[in-house]
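Comments concern the structure below.
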Amino acid sequence: MAPPMSAASPFPAPPSLPRCHALLPCAGTGSRAGAPLPKQYQPVAGRPLVQHTLAALRGVPRLDRIVVVLAPDDAHWPADIDGVQALRRGGATRAETVFNGLRALREAGVPDTDWVLVHDAARCLVTPEEVTALIEACAGDPVGGLLALPLPDTLKDEVDGRVARTIERRHKWLAQTPQMFRLGELLDALSEARATGFEGITDEASAIERTGRRPRLVEGRASNIKVTYPHDFALAEAILRSRT
Ligand SMILES: Nc1ccn([C@@H]2O[C@H](COP(=O)(O)OP(=O)(O)OP(=O)(O)O)[C@@H](O)[C@H]2O)c(=O)n1
Ligand SMILES: C[C@](O)(CO)[C@H](O)COP(=O)(O)O
């Protein structure tokens, strides 16, 4: 049985250090993936995709708790997963799901100064080392930040299926997750964005950017893909099997 929200951590941080909590939006339908189940529950390398994501996060000693936010009518979540708390508070969009999860953390008494690492349930290839690198890079940062990848390819702007121009790729990064911000600052930023239906808020950093702050970019790995399209399952499967 998952511990209650107030349960003591098996890895308590020194009292002077803000703690780190993982929050996983897991309430999507996976419409682009074309799978019979929501993609986070589709079997990959022998178990539901989200179980790989959770296994990676459980390997991060600095994480105080792991919370998943499910759709209210989710019928696929296993009854209990050791050390994981499940909330049935998913929203209509990813941003709304994250907002609801953050509110639940605050209601459970998590201090606004604690760090929250928001991670897509669908990014099942993240590793404990990548998450730890993000925590180490951001724990002393005034804003927080995100894993991201410097753009490796030439970037084209398209009009009507043809190249309109080539875009300068220097200083362009692909945003990944986890994205790590203080609970209070992220909740405030998303509360503001909520007034306009979370328009344009495709990740946590975009909400923080709207408040005038500049999240730190922490270089991740190309393997930390978000399973999105049908062919991504085979890629995820091959990478996961290559690791065991
Ligand atoms: N209302 C939503 C939408 C998405 N997500 C979660 O956000 C992550 C990234 O979103 P995305 O890849 O877009 O997932 P889906 O919305 O499920 O996919 P699609 O857009 O293809 O339907 C996933 O872990 C997904 O479960 C969520 O918790 N709540
Ligand atoms: C948060 C994210 O994974 C960063 O790349 C991405 O923005 C999610 O996008 P989606 O359209 O909700 O899949």
Side-chain angles (χ1 to χ4, degrees), residues 22-42 44 48-57 66-77 81 84-105 116-126 130-131 134 144-152 172-181 186 189-190 193-194 197-210 215-233 235-236:
L23 184 76
L24 277 76
C26 190
T29 57
S31 55
R32 287 170 290 178
L37 298 172
K39 63 188 177 189
Q40 58 273 31
Y41 298 119
Q42 194 62 22
V44 177
L49 186 151
V50 66
Q51 298 267 26
H52 296 285
T53 316
L54 292 168
L57 294 174
I66 300 172
V67 178
V68 293
V69 190
L70 310 176
D73 59 352
D74 185 304
H76 307 285
W77 179 256
I81 299 185
V84 177
Q85 297 158 12
L87 303 173
R88 292 185 175 271
R89 289 174 70 160
T93 60
R94 182 187 179 282
E96 190 180 19
T97 298
V98 171
F99 176 74
N100 292 347
L102 295 171
R103 280 226 290 218
L105 286 179
V116 181
L117 280 79
V118 179
H119 182 65
D120 294 327
R123 285 191 195 264
C124 59
L125 296 169
V126 75
E130 288 164 275
V131 181
L134 177 72
L146 62 149
L147 285 182
L149 194 68
L151 202 67
K172 301 276 189 302
W173 294 64
L174 295 166
Q176 301 180 337
T177 67
Q179 302 200 359
M180 171 172 166
F181 297 102
L186 185 53
L190 284 170
R194 190 178 182 223
F198 301 109
E199 175 86 46
I201 303 300
T202 53
D203 66 352
E204 291 60 56
S206 53
I208 294 287
E209 291 154 36
R210 291 249 180 110
R216 176 177 290 274
L217 289 159
V218 180
E219 187 164 348
R221 297 188 196 135
S223 52
N224 182 19
I225 61 163
K226 177 165 65 63
V227 171
T228 303
Y229 297 107
H231 59 263
D232 291 332
F233 291 106
L235 181 58

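All ligand and atom numbering here is 1-based and tracks the order in the structure. Keep in mind that the numbers below use all heavy atoms, side chains included, and drop hydrogens, waters and symmetry copies.
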Give the intermediate values and the outcome of side-chain contact (heavy atoms from CB on, under 4.5 Å) for residues H119 and N224. CA-CA 11 Å; H119 182 65; N224 182 19; 4.3 Å; yes
Could you go through L217 and L146, starting from their C-alpha distance and side-chain angles, then the distance that decides it, and tell me whether this counts as side-chain contact (heavy atoms from CB on, under 4.5 Å)? CA-CA 6 Å; L217 289 159; L146 62 149; 4.2 Å; yes
Criterion side-chain contact (heavy atoms from CB on, under 4.5 Å) on V44 and V227, from CA distance to verdict: CA-CA 11 Å; V44 177; V227 171; over 6 Å; no
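Scored by the side-chain hydrogen bond (donor to acceptor under 3.5 Å, both in side chains) test, D120 finds R94, R123 as partners (sequence neighbours excluded). Under the rule for a side-chain hydrogen bond (donor to acceptor under 3.5 Å, both in side chains), the partners of R216 that lie at least two apart in sequence or sit in another chain are D141.
The distance from atom NZ of K39 to atom NZ of K226, rounded to the nearest 0.5 Å, is 4.5 Å.
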Report each N/O pair between ligand 2 and the protein that falls under 3.5 Å, naming both atoms.
{"from": "ligand 2", "atom 1": "3 (O)", "to": "D120", "atom 2": "OD2", "distance (Å)": "2.6"}
{"from": "ligand 2", "atom 1": "3 (O)", "to": "R123", "atom 2": "NH2", "distance (Å)": "2.8"}
{"from": "ligand 2", "atom 1": "5 (O)", "to": "R123", "atom 2": "NH2", "distance (Å)": "3.1"}
{"from": "ligand 2", "atom 1": "5 (O)", "to": "A175", "atom 2": "O", "distance (Å)": "2.7"}
{"from": "ligand 2", "atom 1": "7 (O)", "to": "T202", "atom 2": "O", "distance (Å)": "2.9"}
{"from": "ligand 2", "atom 1": "11 (O)", "to": "R32", "atom 2": "NH2", "distance (Å)": "3.4"}
{"from": "ligand 2", "atom 1": "13 (O)", "to": "R32", "atom 2": "NH2", "distance (Å)": "3.0"}
{"from": "ligand 2", "atom 1": "13 (O)", "to": "K226", "atom 2": "NZ", "distance (Å)": "2.6"}

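Contact record, V131 with P178: CG2-CG, 4.0 Å, taken as the closest heavy-atom pair.
Residues of the protein with a heavy atom under 4.0 Å from ligand 1 are P25, C26, A27, G28, T29, G30, S31, R32, K39, Q40, G91, A92, T93, R94, T97, D120, A121, A122, K226, listed by chain and number.
Using a 30° and 60° split on the angle between ring planes, Y41 and W77 fall in the perpendicular class, above 60°.
In this structure, a donor-acceptor pair under 3.5 Å is absent between the side chains of T97 and N100.
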